[in-house]
Structure formats: structure tokens, C-alpha cells
Number of protein chains: 2
Amino acid sequence: MLLDDRKKRILEAVIEEYNATAEPVGSTKIANDYNLGFSSATIRNEMANLEELGYLEQPHISAGRIPSSQGYRFYIDSIMQEKNLSVQEKQIIDEILKEDVIKLETLIKDASNILAKLTNYASIAIGPQMTNCKVEEIKLVKLGQDRLMIVILADNGAIKESIIKYDGTLPEENIEIFNTYLNHSLKGMNFEEIYNNINAYVENELYNISTNVIPLVNELNNLLVDNNVEVYMEGTKNLLSLPEMKQENTLKNFLNIIETQDALKELAKNGYDGNVNVYIGQENAFEDLKDFTIITYKQKINDKELGTIGLIGPKRMDYKKVIPVIKYVGDVLQEKMKQGGSFDDGQNNAK
Amino acid sequence: MLLDDRKKRILEAVIEEYNATAEPVGSTKIANDYNLGFSSATIRNEMANLEELGYLEQPHISAGRIPSSQGYRFYIDSIMQEKNLSVQEKQIIDEILKEDVIKLETLIKDASNILAKLTNYASIAIGPQMTNCKVEEIKLVKLGQDRLMIVILADNGAIKESIIKYDGTLPEENIEIFNTYLNHSLKGMNFEEIYNNINAYVENELYNISTNVIPLVNELNNLLVDNNVEVYMEGTKNLLSLPEMKQENTLKNFLNIIETQDALKELAKNGYDGNVNVYIGQENAFEDLKDFTIITYKQKINDKELGTIGLIGPKRMDYKKVIPVIKYVGDVLQEKMKQGGSFDDGQNNAK
DNA sequence: CTTAGCACTCAGGAAGATTAAGTGCTAAAA
DNA sequence: TTTTAGCACTTAATCTTCCTGAGTGCTAAG
């Protein structure tokens, strides 16, 4: 649906005014403050039209208008002009991400941190989807008397690792054999493929060597499960003081999002790569998110998924600024990862 | 300060009534519902006395009384009778903790989970203080082309681990040498001791072998830092619907506690071992906690710290029930850990 | 020492009035 | 035909006033 220029300018004005105040916007306000060259009456008529077309909403009959999700969508896609980052902002981002990062997992957290700081919303960082990763290396490490650490290095650089109780029936000298065997039979294989029928790949020799490899095999399998994704959030506090949080349920919904993390994982999974994705209110299926906007930016290098950074804020977001910021941060991050050569999924979060 | 029996019984009644309703309690309510055998007038007088003594507070002059922190303190220490857990509750706890837990880090999380479920408050689980731990074993594991995993096993069973970029100037054949050397020179040493002057312990041979071991040494050091403690929470949502959260600041304070975690770490550090510790409102120094009670139970076996489980809730907690619950869960947990032989501090959180 | 009785206090809610912001529509102006 | 001034109308929000109910402290009688 196309809008004529006047409608666009009015919609833009309403959105900017509403973004600034969080209050329904009236026609006179627009007429006075945004000299568009029309009287309040004309604007009033146009606002009525825009409402009919679905771009604006009216909380009640004698109130001003607020933008609908569709209104924001149109604004983002067809009206707003992205605001370039200031030299200063770029410097801050470059500065923080430039530091010689030895701990790779710190990188994505840092990026998330910057996002929260620069935007004043809550930022998220989500580990990569492992579904399509291939096993690059498996290491079994004996720890102390009774534990075994299983480490899987994936071809996207992510590391999954876990510790199980070392069972006495699994003789020490076999660990090396297992290690070799596991690498031999699983290297280069797809995570999902292994997960679906690990026994097929492993049964022959492994079960021959020792009767009690079941815990090991189980845990190995667990590490391959796709759902096993880490979520970080920063700046959740930033959202608490927003006026939209005054509505009873909004806050509860938000805390639900934080606590369950399901919605976040799901959105991160779906996000189209190489692009900043914006989900406004009802645009995503999660009831709890209906009053929020989520922006995600999936990080990818050479077809390898490296995780997702993102932002959560009110629908009334400063999109003009926020989208370029996340784009810039993501691009710097990917650049940095390319140099670093690998990415750790953050499951090893020694500070 | 001792109270006569009548005052005790009235204080107890007020606390129980207030716990149930979260509303100031009046003298007639007590007289009618808790047949203590005194008229409301007598109770009124006693309540005035109890207020003067600091055990009760009055929100405003024509309102009933609410228990002060001191009142709760006295109630816990000298009045209440702990309520035995029902057979059912014990079963639930035993059941969940009885499962054959292969993943040791799951254990403390499970315990925390149970606490949240059984009490309907928010539960916490905090990794062990490592200050007084000794190094039991160090492993360096090469991962892929360019990374090195450092794993430290401590004598309390905790495992600290981290990954650094593997530097080309650190030849592969040296890793084994390093490994041997690090174990040789650091095994049995106190974390804190090493941290304070790691170079003294490591410099000689290590720096001789390769010029660029600095990242490795730094990271090793990082892993020893005391502050590097993991905090889990469950059931934070449970607290949102409490009437006390209606007061603007209480909720903010709560979210602050969750987000910063400082207060939690601090309290876990200080808690006296082998006992359930209760911190009511202002009894702990953290401003944000002034409207909450925190209960901690430090887990210890043979002088080895294994972390802390705990609860956060309103001051108006059901102490009679909650304290035995946390005690029971903690004891079962310690029993379980004793069998398991070791405890993983949860930094390896593959689900 | 206990309690009945009573005057007093005060938060919270209901009812009503007022205000301010904004609308839609009509008719005049451009 | 489009724009705009003008105006009647709507409604949420706020303020005021009044009232009620829960609770108190104190006094005097039991």
C-alpha cells in the first residue's frame, strides 16, 4: 500500500512525536511543531484516513493517535532515513571491540554490552544454532579420579563441553582409544545427523570395548542437541523506567521473556542472515512480546553461524538510530571474528 | 531482650496474621481469631508495648501493626516452632535429587529448582568460593588449530575452565611440557596464594621455553580470581505477584538485585557454614534488599566449600516452613554430593 | 490487672464537578 | 475541489468533597 507524500510526512511526524513522548499525538501538536504547511484541520482529516488505512490507532475517541505496528512497519520500510552514527559513537564501538580479545567468548558479550549502552534498551546475545554445524574435533579429558570432560569443537568455531562422572568400569587406557575412535567416526559429520542416530555411528567398536559407555554416549548426544543454546542479556533494567511498563501486564510479560528465553531463541533461529531483522509487536507470534520490538542481527561468516546479537525495546523505538547502530556493531563484530578466526559459544564463561 | 509469654503469643499471632494477609493487623482481629483469652483492649495495650520495644511497627496512627525486622528476628529465634516437612514433600525432594545424576553441575541447579517450587519464592544457587581451594590438577588441551583450553580442577571438586587463542609462537610440543610444569609447580597450592604472585611460581622455566606465554599465564590467573563465581536464580517470577511488589521501588530493587548479583555473592560469601542463615530486611547492608529476606545455606563437606543454595522472598516469609525446607534440601544435597564425590561449579552448563 | 466504652484519627473509596485535550463535522474561504 | 476556521461533542484525568470503616489510645468501671 502506497501513501501519498503528505500522508507519509504526517505519519512520520506522529511517529516521531509519539516516540518522544509516549503520549497519543493530536493534530494541533503536529500542526504547530512540525511545520508541514497544513492546518490542524487538514492534518486531522489525514490522521483519520491513516487510521482507516491501519497505520494509526486511537486509544479512545477523544484522544490523539498512536502508531500501529503496521504504521511502524511502513515507517521503517518506506519513510525513515537511517541516521548515520556519529564519529564518536563509531569510536566507542571500535574502541571496545578493538581491544585485543584473547577470550573469544568475550567478544559477543562485549558487542551486546555496547548495544545496551548506546541504545538504552536491553540487548541480547545468543549463541549460534548448531544444527548445521559439523564436528571438527572431539576431545575426552580425564579430570581427577572420577570425571571425564567431553569437548566438541564445531566447524563454526563453537565449543560445546560437558563433564560426566567417570565410571570405574571404563578403564583409563580406553579413553585414548575412544577419543581416536570418536574422532574417526564422527569428524566432519553434521550435528543433527549424529544426534538423530548416534548409536548407529558409535555402537560397533565402542560397546565392544566397554560395557558401560552409555553415560558417555548419552552426554555426547546431549551436547549435540540443538536446543542447547546460551542466551545473554544486558541492560534489562533500562526498560523498567519506560512509561509503557506502567501497564500491569507489560512488565510481567517482559520478565517472562527474560526468564523463559524461548521467544528469544526462536527469533534468533529464524532471523534472516546478513540482515537486520525487526519484529514489531504482534509481528512475532509470541503473546508476551506483543508490546515490544525485537531487533536481531544474525552473525555469519562464510556460511558459518556465529550467533545473534539483538535488542529488545518498546515498539516506540528510535529505529532511525538503533538499526544503524546494531548494523554497525554487528559488522565490526564479524570483522573482528574473521580476524580472530573462531568463535566460542560462550559456554565457558569464566569472567 | 526477653518477652513474657503473653507478648510472645501476641507477637506470634500478629506475624502469622500478617504473613497470611500482608495487611496491618488490628487488635480485634487477633482477639477474635486467635483465641488467646484476652480482650482486644488488652491485646491493644500489649501491641502498643511491643511497638515501643521495637517488635512491631505502625504504618500510620489509625492502622494496625506490622512486624518489624526485629520482630521477625525474635520470632525466628525464640518463638516459632519449625514445621516438619510432610512425607510428600520429603518424597518430592528425595525423588528429584535421587535421580542418577551424571552431570554433577545439574545437582545444585536441581536443588535450587526444588526450593523455588516448594516455597514459591525465588531460589538462588551460587558456586563455591574458591579462595581457600587448592589446585588439584591442571590440564591444557589443544583445540583445533588455534585454541587452547585451560582446565583447573580444585580440591573441592570445582572445575574452572577457559579458552584462549592459541598463539603460533607457542609450539605444540611445548604444551605437554607446560602441562607437566604447571602441575608440578602449582599442584596443592592455594588459589589465592597463586593469584597474588603467579609470576613467582611460574616465571623460571615457562618464560624460558617460549617468549609468548603471557596470555596463558594471564588467563590462568583469571581463573583463580575469587570473584569469578556463578549465580543461578529460579522462580524470580514467583515474587512478582506479591502485594509488596506494588510499591514502586520494591520491584526495581528486586530487579537490581537480580541484575547486579553483587549482594547475592556477598551474602553467600559471608554465610556461616553448616547453618541456615537468615537475613531479614535491613539486617544486611544492601539497600536494595531492605524489603526482602534472604536465606542462605552454605554447602560444605569435610571443610571443602561446595557452593550455597538460598532463597529470596518478602520479609513476610513463611519461616516456619521455609527454613526446614532449605535445611532438608541442603542436607540431602550434601549427602548426594558426598556420594558423587565431587562438585562441579556449573561453569560448564551444557544442559 | 483486665476490659468495656467512647472519642478520635486517618486511609481509601465513591460521587460529582471540572478541566484539558482532542475529535468530527459543517460551512466558509481559497 | 481542497483547505481551514469554528464549534459542538466526547472522554480520561484530576480535583474536591464527603463518607465509611478499621483501628487506635485513654478512661473509668469491673
Side-chain angles (χ1 to χ4, degrees), chain A residues 3-11 13-18 20-68 71 243-244 246-248, chain B residues 3-11 13-18 20-68 71 243-244 246-248:
Chain A
L3 297 182
D4 64 49
D5 191 56
R6 189 166 75 183
K7 286 199 179 59
K8 277 191 190 176
R9 290 173 65 200
I10 292 174
L11 178 56
V14 171
I15 286 181
E16 278 171 20
E17 185 64 23
Y18 182 69
T21 62
E23 298 287 330
V25 182
S27 54
T28 8
K29 184 76 187 170
I30 301 291
N32 290 338
D33 294 10
Y34 292 76
N35 41 8
L36 303 178
F38 308 100
S39 74
S40 70
T42 307
I43 293 172
R44 199 141 61 236
N45 285 328
E46 287 289 40
M47 282 168 74
N49 290 336
L50 282 166
E51 181 175 0
E52 200 157 341
L53 293 168
Y55 296 99
L56 294 179
E57 283 166 358
Q58 203 171 19
H60 58 85
I61 191 144
S62 72
R65 303 300 206 299
I66 63 177
S68 67
E244 19 274 277
K246 294 235 171 72
Q247 270 157 312
E248 180 79 34
Chain B
L3 296 183
D4 63 51
D5 191 57
R6 189 167 75 183
K7 286 199 180 57
K8 279 191 189 176
R9 289 174 64 200
I10 291 174
L11 178 55
V14 170
I15 287 181
E16 279 172 18
E17 185 64 23
Y18 182 69
T21 62
E23 299 286 331
V25 181
S27 53
T28 6
K29 183 78 188 170
I30 301 292
N32 291 339
D33 294 11
Y34 293 75
N35 41 8
L36 303 178
F38 307 101
S39 75
S40 70
T42 307
I43 292 172
R44 200 141 59 236
N45 285 330
E46 287 290 39
M47 281 167 76
N49 291 336
L50 283 166
E51 180 174 0
E52 201 158 342
L53 294 169
Y55 297 98
L56 294 178
E57 283 166 359
Q58 203 172 21
H60 57 84
I61 192 146
S62 72
R65 304 299 206 297
I66 63 177
S68 67
E244 20 273 277
K246 294 235 172 71
Q247 268 156 316
E248 181 79 32

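What you see is a predicted model; the values in this text were computed from it and never measured. Just the heavy atoms: all of them, side chains too, but no hydrogens, waters or symmetry mates, feed the values below. Order of the sequence lines fixes the chain letters, A, B, ..., with proteins taken first and strands second; residue numbering starts at 1 for each chain.
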Short side-chain donor-acceptor distance under 3.5 Å, A:Glu17 and A:Tyr34 = yes
For B:Thr28 and D:dA22, is the shortest distance between a side-chain N/O and OP1 or OP2 below 4.0 Å?
-> no
Comparing B:His60 and B:Arg6 on DNA chain C - which has the more 5′ nearest nucleotide = B:Arg6
Quick one: A:Phe38 CZ to D:dT2 P, roughly how many Å, whole number?
-> 13 Å
Give the rounded distance in Å between these two atoms: NZ of B:Lys7 and P of C:dC1.
-> 11 Å
Side-chain donor-acceptor contact under 3.5 Å, A:Glu46 with A:Asn49 | yes
Let me know the distance between CD of B:Glu23 and P of D:dG23, rounded to the nearest Å.
-> 9 Å
If you measure from the Lys or Arg side-chain nitrogens to the Asp or Glu carboxylate oxygens, is any gap between B:Asp4 and B:Lys7 under 4.0 Å?
-> yes
Among C:dT23, D:dA5, D:dT24, which nucleotide sits nearest the side chain of A:Arg65?
-> C:dT23
Confirm from the modelled atom types if B:Ser62 and C:dT9 form a donor-acceptor pair under 3.5 Å, side chain to base only.
-> yes
From CD of A:Glu51 across to C1' of C:dG24 the rounded distance in Å is 12 Å
Ignoring hydrogens and geometry, is there a side-chain-to-backbone donor-acceptor pair from A:Ser40 to A:Ala31 under 3.5 Å?
-> no
Quickly, which of B:Asn45, B:Ile43, B:Asp5 forms a side-chain contact (heavy atoms from CB on, under 4.5 Å) with B:Ile10? Name it, please.
-> B:Ile43
What is the distance, rounded to the nearest whole Å, between atom CG of B:Asn45 and atom P of D:dG23?
-> 17 Å
Rounded to whole angstrom units, what separation is found between the CG atom of A:Asn32 and the P atom of D:dA5?
-> 11 Å
Nucleotide C:dC1, atom C1' - distance to CZ of B:Arg44 in whole Å = 16 Å
When you get a sec, tell me which of D:dT24, C:dT3, C:dT9 is the closest nucleotide to the side chain of B:Ile61?
-> C:dT9
Base, sugar-phosphate, or nothing: which does A:Ala41 touch, judged by heavy atoms less than 4.0 Å apart?
-> base
Below 4.0 Å: OP1/OP2 of D:dT4 and any side-chain N or O of A:Ser40 = no
Between CD of A:Glu52 and P of C:dG24 the distance, given in whole Å, is 10 Å
